Amino acid sequence: MREVRLSVNGRPVTARVEPRTTLADFIRERALLTGTHLGCEHGVCGACTVLLDGVAVRSCLLLAVQAEGAEVTTVEALAGDAGLHPLQDALHRHHGLQCGFCTSGILMSLAELWPRRDQVSRDEIIDCLGGHLCRCTGYVGIVRAAEDAFGLPAGDRG
Amino acid sequence: MSEVDPSRPLVGQPVRRVEDARLLRGRGRFVADLSPIAGIHHAAVVRSPHAHARVGAVDASAALALEGVIAVVTPDDARRLLRPFGVGVGGAEPYWPLALDTARYAGEPVAVVVARDRYVAEDAADLVAVDYEPLAPVLDVEAGRVVSDRSFRYGDPDAAFAAAAHRVEASFRFPRYSSTPIECYAVVAEWDAAAGEATVWSNFHGPFVMQPLIAASLGIPENRLRLVVPADIGGSFGIKSGVYAYIPLIALASRLAGVPVRWTADRWEDLVASQAGTDRLTRAAAAVDAEGRILGLRLEILDDVGAHLRPPEPATLYRCFGNLVGPYAVEHLAVEARAVLTNRPPTGLNRGFGGQQLYFTLERLVEMVGRRVGLDRVEVRRRNLIPAQHMPYRTPTGGVYDSGDYPALLDTLLREGDHTGMLAERDRLRRAGRLAGVGMAMIVDPSGTNLGYIDLARTPEERGRGLGKSGCTESATLTMDPMGGVRLRIATAPEGQGHETVAAQIVADALGVPMAAVRVDPSIDTASQVWNVSSGSYSSRFAPIVASAIHRACAALRERILAIAAEILEVDAADLELVGGGVRARGSDRAVPLRRVAGVAHWDPGALPPGVEPLLSVTASFSSELARSPAGDDTVDSSICYGGVGGLCLVDIDPDTCAVTLLRYASVHDSGRILNPLLADGQVAGALAHGLGGALYEELAYDPDGNPLTTSFMDYLCPTVREMPELRIHHLRGDTDFVPSRAKGIGEGTCMAAPAAIASAVTDALSGHGVEVTELPVHGGRIWEWLHTRERGEP
Ligand code: FES
Ligand code: FES
């Protein structure tokens, strides 16, 4: 057992875990934030994506011990008192989610780009979304939402 | 995206979803997020590494010795404490959820370990020692054992073939794939030893005909099995209907371990041992007259249902029986329908369920007919479509197509889908040295299953001996709270379709209240709500069936509200309307708010008019009178409604790598009235991704020994955003008077049509090479083989 201390959404979380505990399980079972979902546990689907010190990572491929001392941001931190984050609002308006199981990961990958939203190209957004599997939407609403949120003209894909 | 006009009825408008508020915030509650009871332990399933093997001694001692392990379920325990699932047709052995003495597919459960957490459980699963004696597997559907075998004749197929100017025939292979929802199977089970009851939380979404089967497997009455399904399920597309087979196993684990047990499948388990659509071999022949009219069809269908005939199989064979002729006026059919066992995992529902298999064959065959008689693919279809004036149309197999204008659908498809533009682009690509092609498909999209169709697996004599099967019943319970708020309970267990939103639109319109005043609960608790064996989400039943039950519930509650308001306002109920959150006398300003009406019922029932029940809660049901058991001549109306769907597409094939790209796709629909166009288009886009996956990328592959080759998302390739084409969706202004909602399903048509349309386009692209696509998926590797075996002069 190892003691792991990290910060999740600005709140310190400390727990004694086996070194093999994944960051995803730590977030879900120790920080008790279940918005981070597991769809494959082998790094392909992207459902488990969170920000680690601002960088999008797959929490199923990291061990909690690797995140020692880091700041983890999960989907639960996006909406504030004022309401939904613009990315969430865009997904809502463009029907970019159905079951919502992939949605947290997609939001966090897009959230990584958000601080430099003025310079993000459409290609970069498609690349970013290309790292996620959504089996419900056919991606049409997701692409439209991302284009809208990032202020890009609507493309022809979907 | 257009906006919502609150002054107009909400049904038909692109209302944004109420589900999103929680899902976007990470506040959805999926089974893995629930801790419904204290002391939950975790299960890992020990699975056969062999496709076929005798299972000998199972030694759990090393596993039990591991710290944190509390129980291991062995085949002996299952034999002692479980019963096999009943199988509907003769010829197949009973289906046990655990291999007792023989493992019949690689991945079949052999034991279950229960431990403190999932990590330890998986460690311990590796320590369970099983003696296997490998046996030769059967993987070829033509060599497998036939467990369901029926022959059907409709009209006079022999005469049709004798009179035909042409006979066009070919064999078609449709692959096995799974639409792999991102959330895997998840179950939490608690066995209550004192009461002899089981409570199970899972992402099972029906059909709830499985509830009595699960109870029987556990050896308890149905009222001792409580199934709970949360409002959030992470996609299914039919795949999660198969989780039922694991429920007795995890409940048994809880029984033996004496604690509640959770099992959350991982992706490997999902790909090797959950559920897939059936792969199908069809030998098809068409009898054709000199003008290209199809007089008759012979279909010999072989469904590979895998290692067990797991209920509801062999339903894939029959789900589309009423619409076996698609949109074509074919009058004579001879059909052989067989379900075959092989050493692959069991099959079951997967979005489209029988439709994509059928239409791949039918549409390829129709185009071959066209080539034989010299008609292009548009003309050959036009010549055979059922004319609009024949609606409602009774098909030779017993389907009753409620409405539709297929020739107009075809014209609209060509126009709205930009056929001319696609052809021009194809030709431009060809001039640039590419292999490009345009393809199309026309299909009939059945929605709202009549469960009676499954009984076609039995002969009329067998059916005559026992209880018949029919029905599509759904119910809705609508309640008005003391302050006028409205609650609706439906038993649909949706997986992302947005039932909460659409149901609230319907109720808000019917009761004249804002959507925010309506709370819809689509979760399921079989112990405390009204449900029936056909409850659940499957066969596109929300729009025709569930929405109709909601309409009926609204009408019944409305009547009660109006009776009370009539007394208060001293106006005849017939002159009252529900509007603006109150009841108003038409053409006057006499009105009473709903909370006042509700108040009378709840707090002052003594003031109710005579004959009015003191309860503002109604349960209403809908089941179509068309949902009958199969007739003695084996005709059955297998679905309540039938929509029309056309697909048009453009593919580009790289001449060097043979990689196929779907550039454009147009999907045109007549689905009756559209309840919410935003959500309807979302269904179409999602269905296209599944059809595209099945046509080009996705195949559950096995080596010659039956070992699964596609065991992760690294080798089972699902379409990403990059693979999606430019998509155009168009809806005809449709209607149907067969159901009160006037709406037909829309979530499956495109995935039934797309594989056929893409195969048509690839055939067009390879027309210079004499290739006829008769099997899927058509990925680059396969095309390369076709082109190069031909170049080498091989057949
Ligand atoms: S769960 Fe981490 S990438 Fe799929
Ligand atoms: S919304 Fe269901 S997987 Fe994306």
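Remember, it's a predicted structure, so these values are computed and weren't measured experimentally. In what follows, every chain begins at residue 1, and chains take the letters A, B, ... in the order their sequences are listed.
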Task: Backbone of A/Gly39 reached by a side-chain donor or acceptor of B/Arg267 within 3.5 Å - done: yes
TODO: Any salt bridge (charged side-chain N to carboxylate O under 4.0 Å, His left out) involving residues 36-48 of chain A? Give me the pairs, sequence neighbours left out, ordered by first then second residue.
DONE: A/Glu41-B/Arg118
Task: Close side-chain approach of A/Asp25 and B/Tyr119, heavy atoms under 4.5 Å - done: yes
Task: Interface moiety of B/Asp270 toward chain A, non-hydrogen atoms closer than 4.5 Å - done: neither
Task: Any donor-acceptor N/O pair, A/His37 side chain to B/Glu183 backbone, under 3.5 Å - done: no
Open item on the list: When you compare the side chain of B/Leu24 with that of A/Leu84, does any pair of heavy atoms fall below 4.5 Å?
Closed with: yes
Task: B/Arg722 vs A/Asp127 side-chain heavy atoms within contact, under 4.5 Å - done: yes
Task: Contact leader toward chain A among B/Ala687, B/Gly234, B/Pro181, where contacts are heavy-atom pairs under 4.5 Å - done: B/Gly234
Open item on the list: Counting only non-hydrogen atoms closer than 4.5 Å, does B/Arg25 touch chain A with its backbone (N, CA, C, O), its side chain (CB onward), both, or neither?
Closed with: both
Open item on the list: Whether A/Arg20 and B/Asp123 form a salt bridge (side-chain N of Lys/Arg under 4.0 Å from carboxylate O of Asp/Glu) is what I want to check.
Closed with: yes
TODO: Could you check if a side-chain atom of A/Arg135 sits within less than 4.5 angstrom of a side-chain atom of B/His690, using non-hydrogen atoms only?
DONE: yes
- [ ] Check salt bridge (Lys or Arg N to Asp or Glu O under 4.0 Å) between B/Arg664 and all other residues, then give those that pass, not counting sequence neighbours.
- [x] B/Asp418, B/Glu425
TODO: Select one option (side chain, backbone, both, neither) describing which atoms of B/Ile729 are under 4.5 Å from chain A's heavy atoms.
DONE: neither
- [ ] Please examine the side chains of A/Gln98 and B/Glu19, heavy atoms only from C-beta on, and report whether any two atoms are closer than 4.5 Å.
- [x] no
